[in-house]
Amino acid sequence: MEGHGKTSESQDKAADSHSTAMDRHGTQGHAAHKKDESPPSHHAMMMADFRRRLLVSLVLTIPVLILSPMLQEWAGLGDLLRFPGDLILLFILSSVIFFYGGYPFYRGLYDELKARRPGMMTLIGVAIINAYLYSTIVVFGLFGITGKIFYWELATLIDVMLFGHWLEMRSVMGTSMALEKLARLVPADAHRLMPDGEITDVPLEEIAAGDLLVVKPGERIPADGVVTDGASSVDESMVTGESRPVGKKPEDTVIGGSVNGDGSLTVEVQKTGNESFISQVIALVREAQTAKSRTQNLADRAAFWLTIIALGGGLATLIVWYMVAAQDFAFALERSVTVMVIACPHALGLAIPLVVTFSTGLAAGSGLLIRNRTAFENARNIRAVIFDKTGTLTEGRFGVTETVMLAGDADEKQLLVYAGSLERFSEHPLARAIAEEAPEHLPVDEFRGIPGRGVSGIIEGRTIRVVSPGYLREEGAGVNDERIDRLSSQGKTVVFVLIDGVVCGAIALADVVRPESRQAIATLKKNGIRCMMLTGDKDEVAARVSDELGLDEYFAEVLPQAKATKIKEIQARGLVVAMVGDGVNDAPALAQADVGIAIGAGTDVALETADIILVKNNPNDVVSVIELGKATYRKMVENLIWAAGYNAAAIPLAAGVLYGAGILLTPAVGAFLMSISTVIVAVNAKLLRF
């Protein structure tokens with residue numbers, strides 16, 4: 001199934017004559033929309049068109065059923081409802097249904113034959129045309145042929161097919177509507193802060209990178225940017241799937257479309273238009289929906305051959321019943337029509353695209369952006385996950401891991417308060433980590449930096465210094481303690497706190513391991529997946545993180561250009577490998593892996609190289625990728641089995657192999673059963689969960 005990836009190509013073509021002026025609400029210019037001014041989407045207009053045709057056909061079908069001689073006979077009415085010209089009126093009403101209600105199928109038949117790709121529309125069109133032509137010949141007595149009139153079956157067939165198509169349109173509209181809602185998250189106007197301090201409301205299309213915007217409490221953030229002033233909590237649930245409000249302060253990033261809490265923020269714009277996060281999400285989801293996976297190609301080939309079998313089977317049924325079994329032509333034609341209706345491969349053709357549509361939308365709502373469908377399908381077979389360290393398994397920032405008391409009368413809390421009070425005046429990453437860890441800050445007098453060695457000051461009348469091991473060595477005050485040696489051997493950075501010249505304690509700092517990483521590793525290993533780490537960091541640092549997380553293997557001090565080679569070595573073991581990273585140096589490894597997964601806050605290069613993007617920067621979402629991949633494949637297989645199995649059983653019945661046992665399917669019943677099969681496939685896809 002090509003085209004939009006959500007419904008059949010022939011359905012799209014069948015509605016093209018009504019929808020050439022439709023805007024599909026793509027990524028271009030969505031940010032500048034005006035509320036309720038966007039034209040209806042392509043699929044929305046197609047759904048409305050099928051609904052109109054269905055309603056008209058249903059209304060006209062009632063008199064067609066009443067006027068049909070076959071139904072009058074079955075009802076035991078005899079000639080009670082017969083009157084002069086009744087068959088002409090029946091012909092006129094049926095012709096309106098045939099031409100108006102059946103038009104989408106004839107247009108689809110023409111397009112499929114023109115493209116030399118007969119499919120579902122070909123089958124429906126041929127069945128309806130055969131029934132109409134035969135019934136018209138009988139009504140007017142052309143060529144001396146007499147027999148049964150099939151107008152009522154033609155009408156009910158068109159009704160059922162239109163109803164089935166309308167239901168399918170409704171089932172595939174979900175993700176498209178979600179994308180349009182996502183596009184409408186961004187407000188049409190913004191409060192721009194001018195250099196003179198004035199605030200001016202301007203249309204969003206006039207906003208550029210570098211502009212300062214004021215976001216008031218309760219408003220949606222107009223564009224991606226960085227907070228320069230203010231503090232607030234922001235609801236990002238519609239964008240990232242994160243249910244809890246996220247605290248924002250200066251230097252934190254914000255996403256356009258998210259909702260500001262009860263604080264006021266000043267935001268410097270970084271990305272607008274097609275570069276914005278929402279635009280990229282929409283583009284990635286649409287790209288994934290229209291991408292054809294290997295499983296989908298298999299379904300397309302099966303649908304094509306089923307079409308050939310159905311057409312050949314219909315012709316063979318006609319010949320056998322009419323020429324071999326010596327049945328009348330009307331009966332033989334009815335069997336032929338029923339075979340072609342039953343064999344319509346619509347359910348088979350929708351089996352994969354519907355699952356693709358729902359899985360992509362479900363993934364996006366969970367913060368998983370799928371760029372490569374084939375790689376995503378491979379996720380179910382992953383046997384090894386290789387993580388980058390910094391920024392992936394760890395937060396990429398220093399944090400205090402341990403405090404060691406050595407001498408003096410201060411306790412651990414007081415040591416951190418003294419150290420944090422001093423370090424809050426420094427911009428060094430280690431200093432910020434200690435300042436954040438301190439439970440409170442005290443006033444500092446006579447603060448000064450010790451170049452390359454630390455800081456000092458007076459707190460509560462006591463001289464406090466926070467210094468490096470090098471400072472102690474220079475002062476001849478080295479510390480001999482096995483606890484310090486152990487921390488250093490783990491690759492942690494250790495600083496010492498002196499109170500009035502006495503080395504009272506030490507503070508160990510290291511890159512902070514994400515809490516989610518532990519759960520992710522444990523879950524993956526529980527499912528029999530090997531967990532490894534690939535990093536350019538020192539061996540002792542890598543060993544510490546590996547031990548802390550319980551990794552199966554780690555590879556340290558690996559240069560960026562060698563990371564892809566290391567991936568190849570692991571693949572050579574016969575393992576399907578996923579690589580999870582966030583930096584430029586991870587891009588070659590992401591590309592080499594069977595499944596490349598980028599942490600959402602990573603670099604543009606990493607995001608462009610990856611097959612799947614984790615919006616929430618949560619390593620535990622790697623587990624979600626694998627579980628969703630398995631659930632998606634399972635639904636695809638279920639749909640293929642149902643669709644193919646249904647046709648395999650129904651075609652012989654439609655041909656009349658059980659005619660002797662009194663089992664005979666009419667075209668209308670065949671159309672109904674086929675549509676039920678399609679709806680079951682759609683409902684099964686909708687039930688996708690992970």
Side-chain angles (χ1 to χ4, degrees), residues 367-369 375-376 378-379 381-397 399 491 510-560 562-571 573 575-603 605-607 609-627 629:
L368 315 174
L369 303 184
F376 173 63
N378 284 337
N381 297 319
I382 290 173
R383 305 315 306 159
V385 178
I386 304 175
F387 294 90
D388 173 49
K389 182 183 75 69
T390 307
T392 301
L393 290 175
T394 67
E395 296 182 6
R397 66 174 182 84
D511 193 358
V512 179
V513 173
R514 296 181 186 272
E516 304 89 351
S517 297
R518 295 180 176 85
Q519 182 180 356
I521 300 301
T523 304
L524 290 170
K525 292 180 67 175
K526 183 179 180 181
N527 287 295
I529 298 173
R530 294 186 63 80
C531 297
M532 311 176 190
M533 182 174 65
L534 188 60
T535 179
D537 215 333
K538 296 179 180 179
D539 186 79
E540 57 266 27
V541 176
R544 174 185 64 82
V545 174
S546 178
D547 290 342
E548 187 172 342
L549 293 176
L551 297 174
D552 294 299
E553 293 180 68
Y554 72 88
F555 309 95
E557 301 180 29
V558 181
L559 297 176
K563 285 191 173 183
T565 303
K566 187 61 68 175
I567 297 291
K568 290 180 182 179
E569 292 176 4
I570 298 170
Q571 289 172 325
R573 303 180 190 176
L575 299 174
V576 176
V577 176
M579 172 67 193
V580 186
D582 72 325
V584 173
N585 59 353
D586 297 321
L590 290 171
Q592 175 61 40
D594 298 290
V595 182
I597 303 174
I599 293 290
T603 64
V605 175
L607 299 184
T609 309
D611 302 308
I612 301 169
I613 298 170
L614 309 183
V615 174
K616 293 184 286 188
N617 306 333
N618 185 349
N620 206 40
D621 282 343
V622 175
V623 178
S624 299
V625 168
I626 297 173
E627 290 178 348

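Numbering starts at 1 and runs along the sequence shown.
- Contact check for I570 versus F555: side-chain heavy atoms found under the 4.5 Å cut-off.
- Across all non-hydrogen atoms, the minimal contact from A556 to D539 is CB-CA, 3.6 Å.
- Here the straight-line distance linking atom CD1 of I612 with atom CG of L590 works out to 11.0 Å at 0.5 Å rounding.
- We find the CD-CG distance between E516 and D621 to be 9.0 Å, quoted to the nearest 0.5 Å.
- Residues V512 and T394 are not in side-chain contact: their nearest non-hydrogen atoms beyond the backbone lie 4.5 Å or more apart.
- K389 is not listed as a side-chain neighbour of S517, based on a closest heavy-atom distance of 4.5 Å or more.
- Here the CD1-CD1 distance, from I597 to I613, works out to 11.0 Å after rounding to the nearest 0.5 Å.
- With contacts defined as side-chain heavy-atom distances shorter than 4.5 Å, the pair V595/I626 does not qualify.
- Within the 4.5 Å cutoff, no side-chain heavy atoms of T535 are placed close to those of Y554.
- The closest side-chain heavy-atom distance from V545 to L549 is below 4.5 Å.
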Check: residues 521-532 side-chain donor-acceptor pairs under 3.5 Å, at least two apart:
from : atom 1 : to   : atom 2 : distance (Å)
T523 : OG1    : Q519 : O      : 2.9
K525 : NZ     : G550 : O      : 2.6
N527 : ND2    : T523 : O      : 2.9
R530 : NH2    : E553 : OE2    : 3.0

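- One distance of note links CG of L551 with CG of L393; it measures 6.5 Å at 0.5 Å rounding.
- Between E540 and G491, the shortest heavy-atom contact is CG-CA, 3.6 Å.
- In this structure, the side chains of V541 and D511 stay at 4.5 Å or more apart for every pair of heavy atoms.
- At least one side-chain heavy atom of F387 sits less than 4.5 Å from a side-chain heavy atom of V622.
- Closest heavy-atom contact between A589 and K563: CB-CB, 4.0 Å.
- For Q571, the side chain to side chain contact (heavy atoms under 4.5 Å, CB included) test picks out I567, K568, V577, Q592, D594, with sequence neighbours left out.
- E548 is linked by a salt bridge (Lys or Arg N to Asp or Glu O under 4.0 Å) to R518, R544, counting only residues two or more places apart in sequence or in another chain.
- Heavy atoms only, all atoms of each residue included: V623 and A520 are closest at CG2-O, 3.9 Å.
- Once rounded to the nearest 0.5 Å, the distance linking CD1 of I386 with CG of L575 reads 8.5 Å.
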